[in-house]
Amino acid sequence: MPMYSNRAKLMDDDCSLLLWYKSRVQLNQYDENQNPQGICNLGVAENHLCEEELIAKMRSVSSWSGQFNYYPDPSGEFPFRQRLCAFFNETFCSKQTTLDPARMLISSGVSGTIALLSVLIADAGDVFLIASPYYTAFDFDVAAMARNSLIKCPLLNQDIGEFSLSVEIFKQGYENAVAQNLRPRAIVLVNPHNPLGDIYDEVVMQPILEFAAEKRLHVIVDEIYALSVFQNQRPFKSILNYTSLPDPERTHFLWSFSKDFALSGTRVGVLYAGTKDICRVGAKLNFLMVPSSAIQMTLKLILDDCEWTNAYLKLNQCRLTEQYQYAKTQIEQMDKRIRIRDAQAGLFLWIDFRSILTKVTFEEEHKLFDEFFNHGIYITNGLAIGCSEPGWFRMIFTVKNKWIQEGIERMKQALNTYKLSSS
Ligand SMILES: Cc1ncc(COP(=O)(O)O)c(C=O)c1O
């Protein structure tokens, strides 16, 4: 008799490479004081750039209330949802929209939220279309409870050799799914994009929303990097601020405190759903994963201090811009053949090592990945995040100074070893 269920076995198999490496690296992570020989983790999208300011602020607002002893509201605390609606209105909405807390659910990060949403909008076996490369931990999220899977729609346009979002890739993905007797249920859009750092404007998004409406597909818009936009970029326009949506009831917004507030440890994600009813039903399951009232109300206090929040978001954007430029320049100077695609937002560099590889194959990409890992640096290879072309890597740059310097130094050494071994 096996120890655990078939369901647990499936869940174990679903675990993406991304999550596997994350747990492995976290056991021996570089720290300039505590563990200088540890692995330089430049693979997990966390932001350490404003850590000191955040710790000070979190400490200054944290205090215990009797209310925290008891069960939270399974939809998320009402005052917190009200505060978030006001925050999104102020931050994202230029027109006079009033967001409704009854259409909002607070869950366990965007990961928990998309897992929950999958249960709510799709049946087991249904598929979602996603532009690739993408954040592949989603494979696990949509499978874990709901048993859904993702169909990759490659962003790489072979004719022009560029990664570009268009409705055509989803039309193709839709046809591929149907040809395999699969039922597409939703399109997942990540804007700003991980790993490209592109921002998609309304002109690009509208045809996709229209195609989804025509096929009665839900649209899940993950805007987890909405406020992590570099300075001097065109302003980001949230789906919450679109003047018209072709199918508003099937259009759902996701966000969390993990990236823009650099608080991935709080596990607080937000769903703003197309209808109140999705939230009403969702709250039943959400009781299993709603974050504690203590953390929700602490985050409410942060948002209540608008002056601090605005200053923090500005500071974060300034540091993101500086560190992005620094890391990009350092790596491009290592070898003139390395190309880094320009990004407008996010915590990552999308690096093209194709001309360094002896052969442009996924096997060779993996050799380079192993060389980096053996030199104590973890960055994500393109294959692990569903890239259709070998030779691309995603590197997180939002770590402390010593950490990024050490990572870049190790990368240089790894590249030298790789070149010597393949010459
Ligand atoms: C696009 C995207 N969505 C969701 C997540 C997961 O976010 P959370 O920490 O809120 O679960 C990540 C994390 O890297 C991400 O990049």
Asker: For Gln67, is there any backbone N or O sitting under 3.5 Å from a side-chain donor or acceptor partner on Ser65?
Answerer: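 Here the side-chain-to-backbone pair exists.
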Asker: Quick check against the 3.5 Å criterion: does Arg83 have a side-chain atom that pairs as donor or acceptor with the backbone of Leu303?
Answerer: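 Flag set: sc Arg83 to bb Leu303 pair under 3.5 Å.
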Asker: Would you say that Met58 contacts Ile302 through its side chain, given a criterion of any heavy-atom pair below 4.5 Å between the two side chains?
Answerer: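 When only atoms from C-beta onward are counted, Ile302 and Met58 do touch, with a gap below 4.5 Å.
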Asker: Give a yes or no on whether the backbone of Val127 and the side-chain of Arg183 come within a donor-acceptor separation of less than 3.5 Å.
Answerer: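 Answer holds: no.
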Asker: For Arg319, give me all partners under salt bridge (Lys or Arg N to Asp or Glu O under 4.0 Å), at least two apart in sequence or on another chain.
Answerer: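 If we apply the salt bridge (Lys or Arg N to Asp or Glu O under 4.0 Å) test to Arg319, skipping adjacent residues, the hits are Glu53.
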Asker: Hey, does the side chain of Gln296 reach the backbone of Glu77 with a donor-acceptor pair shorter than 3.5 angstrom?
Answerer: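 Yes; judged by distance alone, with no hydrogens or angles, the pair exists.
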Asker: Measuring from atom CG of Leu245 to atom OG1 of Thr251, what distance do you get when rounded to the nearest 0.5 angstrom?
Answerer: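 Result: 5.0 Å between the selected atoms.
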Asker: For Cys306 and Glu90, work out which heavy atoms get closest and say how close.
Answerer: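 Between these two residues, the closest heavy atoms are SG-OE1, 4.4 Å.
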Asker: Would you say that Tyr324 contacts Thr398 through its side chain, given a criterion of any heavy-atom pair below 4.5 Å between the two side chains?
Answerer: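 Heavy-atom side-chain distance check fails, nothing below 4.5 Å.
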Asker: Which heavy-atom pair separates Asn148 from Ser118 by the least distance, and what is that distance?
Answerer: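 In this case the closest contact between Asn148 and Ser118 is OD1-CB, 3.4 Å.
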Asker: So, are Glu51 and Lys400 salt-bridged, with charged N and O less than 4.0 Å apart?
Answerer: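 Result for this pair is yes, salt bridge flagged.
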Asker: For Lys259 and Asn47, indicate whether the former's side chain and the latter's backbone hold a donor-acceptor pair under 3.5 Å.
Answerer: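 Judged by distance alone, no pair lies under 3.5 Å.
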Asker: Counting distance only, does the side-chain N/O of Glu365 pair as donor-acceptor with the main-chain N or O of Leu383 below 3.5 Å?
Answerer: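 Yes, the answer is positive, given that a donor and an acceptor are paired below the 3.5 Å cut-off.
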Asker: ring-ring contact (aromatic ring centres under 6.0 Å, His included) with Phe393: which of Trp350, Phe372, Tyr378?
Answerer: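 Testing each of Trp350, Phe372, Tyr378 against Phe393, the sole residue satisfying ring-ring contact (aromatic ring centres under 6.0 Å, His included) is Phe372.
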Asker: Apply the side-chain contact (heavy atoms from CB on, under 4.5 Å) test between Leu189 and each candidate in Ile220, Leu129, Ile208, Asp222; give the one that qualifies.
Answerer: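 Among the candidates, only Ile208 passes.
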Asker: For the CG atom on Asn232, are there more than 12 heavy atoms of other groups (residues, nucleotides or ligands in this structure) within a distance under 6.0 Å?
Answerer: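 Not buried by this count: 12 neighbours or fewer within 6.0 Å.
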Asker: Side chains of Asn316 and Asp260 only: does a donor on one sit below 3.5 Å from an acceptor on the other?
Answerer: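 Note: Asn316 and Asp260 side chains miss the donor-acceptor criterion.
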Asker: Is it true that Arg341 and Glu162 have a side-chain N and a carboxylate O under 4.0 angstrom from each other?
Answerer: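 Yes, charged N to carboxylate O under 4.0 Å.
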Asker: Do other residues, nucleotides or ligands put more than 12 heavy atoms under 6.0 Å from Lys152 NZ?
Answerer: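 No, NZ of Lys152 has 12 or fewer neighbouring heavy atoms, counting only those of other groups under 6.0 Å.
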Asker: About how many Å separate OG of Ser228 and CG of Asn194, when rounded to the nearest 0.5 Å?
Answerer: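 Between atom CG of Asn194 and atom OG of Ser228 there are 11.0 Å.
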Asker: Would a line drawn from the ring center of Tyr272 to the ring center of Phe88 be shorter than 6.0 Å?
Answerer: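 Centroid separation for Tyr272 and Phe88: 6.0 Å or greater.
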Asker: Determine whether the aromatic ring centres of residues Phe138 and Phe128 are separated by less than 6.0 angstrom.
Answerer: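 Ring centres of Phe138 and Phe128 not closer than 6.0 Å.
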Asker: Return yes when atom CD of Glu307 has more than 12 non-hydrogen atoms of other residues, nucleotides or ligands closer than 6.0 Å, and no otherwise.
Answerer: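 Atom CD in Glu307 is not packed in, count stays at 12 or less.
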Asker: Could you check Arg280 against Asp277 for salt bridge (charged side-chain N to carboxylate O under 4.0 Å, His left out), going step by step and ending with a plain yes or no?
Answerer: CA-CA 5 Å; Arg280 181 188 61 75; Asp277 209 41; 2.7 Å; yes
Asker: Verify the distance criterion only: is there a donor paired with an acceptor across the side chains of Gln172 and Asn176 at less than 3.5 Å?
Answerer: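 Indeed, the side chains of Gln172 and Asn176 share at least one donor-acceptor pair under 3.5 Å.
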Asker: Give a yes or no answer on whether the side chain of Asn286 reaches the backbone of Ile106 with a donor-acceptor pair at less than 3.5 Å.
Answerer: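 Indeed, once roles are kept as given, a pair shorter than 3.5 Å links the two residues.
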Asker: Taking the six-membered ring for Trp and the single ring otherwise, decide whether the centroids of Trp255 and Phe92 are under 6.0 Å apart.
Answerer: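 No; Phe92 has its ring centre 6.0 Å or more from that of Trp255.
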Asker: Please find out if less than 6.0 Å separates the ring center of Phe348 from that of Tyr225.
Answerer: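 Judged by ring-centre distance (under 6.0 Å), Phe348 and Tyr225 do meet the cut-off.
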Asker: Angle between ring planes, Phe68 versus Trp64, binned at 30° and 60°: parallel, tilted or perpendicular?
Answerer: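 The arrangement is perpendicular - the two ring planes meet at more than 60°.
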Asker: Is the backbone N or O of Ile199 less than 3.5 Å from a side-chain atom of Asn191, with the two atoms forming a donor-acceptor pair by type?
Answerer: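 Looks like no, no N/O pair under 3.5 Å.
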Asker: State, yes or no, whether a side-chain contact exists between Tyr134 and Leu150 at a heavy-atom distance under 4.5 Å.
Answerer: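 Yes, at least one pair of side-chain atoms sits under 4.5 Å.
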Asker: May I ask you to decide whether Arg410 forms a salt bridge with Glu406, counting only side-chain N to carboxylate O separations under 4.0 Å?
Answerer: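 Yes.
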Asker: Below 4.0 angstrom, N of the basic side chain to O of the carboxylate: do Asp126 and Arg147 qualify?
Answerer: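 Salt bridge: no.
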Asker: Between Lys9 and Asp12 (salt bridge meaning N to carboxylate O under 4.0 Å), is one present in this structure?
Answerer: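 Salt bridge flag = no for Asp12 with Lys9.
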Asker: For Arg81 and Gly76, which heavy atoms make the closest approach, and how far apart are they?
Answerer: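 Closest approach of Arg81 to Gly76, heavy atoms only: NE-O, 2.9 Å.
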Asker: Any Lys/Arg nitrogen of Asp201 or Lys237 sitting under 4.0 Å from an Asp/Glu carboxylate oxygen of the other?
Answerer: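 Salt bridge between Asp201 and Lys237, a charged N being under 4.0 Å from a carboxylate O: no.
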Asker: Only one of Val399, Ile408, Thr380 passes side-chain contact (heavy atoms from CB on, under 4.5 Å) with Leu42; say which it is.
Answerer: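 Among the candidates, only Val399 passes.
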Asker: Answer yes when Arg354 and Glu389 have at least one side-chain N-carboxylate O distance shorter than 4.0 Å, and no when they do not.
Answerer: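 Judged by the 4.0 Å cut-off on N to carboxylate O distance, Arg354 and Glu389 do form a salt bridge.
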Asker: Quick check for you: to the nearest 0.5 Å, what is the distance between Asn89 atom CG and Phe87 atom CZ?
Answerer: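 With rounding to 0.5 Å, CG (Asn89) is 11.0 Å from CZ (Phe87).
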Asker: Would you mind checking if Asp247 and Arg250 are paired as a salt bridge, meaning a charged N to carboxylate O distance below 4.0 Å?
Answerer: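 Counted as a salt bridge, because a side-chain N and a carboxylate O are separated by less than 4.0 Å.
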Asker: Show, in sequence, the C-alpha distance, side-chain angles and deciding distance for Phe397 and Tyr326, and conclude whether the ring pair (Phe, Tyr, Trp, His ring centres under 6.0 Å) test is met.
Answerer: CA-CA 9 Å; Phe397 63 81; Tyr326 166 78; over 10 Å; no
Asker: Drop me the distance from Lys328's NZ to Asp342's CG, to the nearest 0.5 angstrom.
Answerer: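 Answer for the NZ-CG pair, Lys328 versus Asp342, is 4.5 Å.
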Asker: Any non-hydrogen side-chain atom of Val44 less than 4.5 Å from a side-chain atom of Ile396?
Answerer: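 SC-SC contact between Val44 and Ile396 ruled out.
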Asker: Strictly distance-based, threshold 3.5 Å: is any side-chain N or O of His193 a donor or acceptor partner for the main-chain N or O of Pro133?
Answerer: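 Between the backbone of Pro133 and the side chain of His193 there is a qualifying donor-acceptor contact (under 3.5 Å).
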Asker: Does either side chain, that of Glu249 or that of Thr275, offer a donor lying less than 3.5 Å from an acceptor on the other one?
Answerer: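 Checked: Glu249/Thr275 side chains show no N/O donor-acceptor pair below 3.5 Å.
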Asker: Mind listing the closest non-hydrogen atom pair of Ala384 and Thr136 along with its distance?
Answerer: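 Closest pair (atom of Ala384, atom of Thr136, distance): O-OG1, 2.8 Å.
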Asker: Answer whether the closest heavy-atom distance between the side chains of Trp392 and Leu156 falls below 4.5 Å.
Answerer: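 A side-chain contact is absent here, since even the closest heavy-atom pair is not under 4.5 Å.
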Asker: Taking the ring centre of each residue, are Phe369 and His366 less than 6.0 Å apart?
Answerer: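 Under 6.0 Å, so yes.
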Asker: Which heavy-atom pair separates Phe80 from Met297 by the least distance, and what is that distance?
Answerer: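 That closest heavy-atom pairing would be CB-SD, 4.4 Å.
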Asker: Would you say the side-chain atoms of Ser108 pair up with the backbone N or O of Pro291, donor to acceptor, closer than 3.5 Å?
Answerer: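 Answer holds: no.
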Asker: A quick test of your reading: do over 12 heavy atoms of other residues, nucleotides or ligands sit less than 6.0 Å from NZ of Lys57?
Answerer: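 Check passes, neighbour count above 12.
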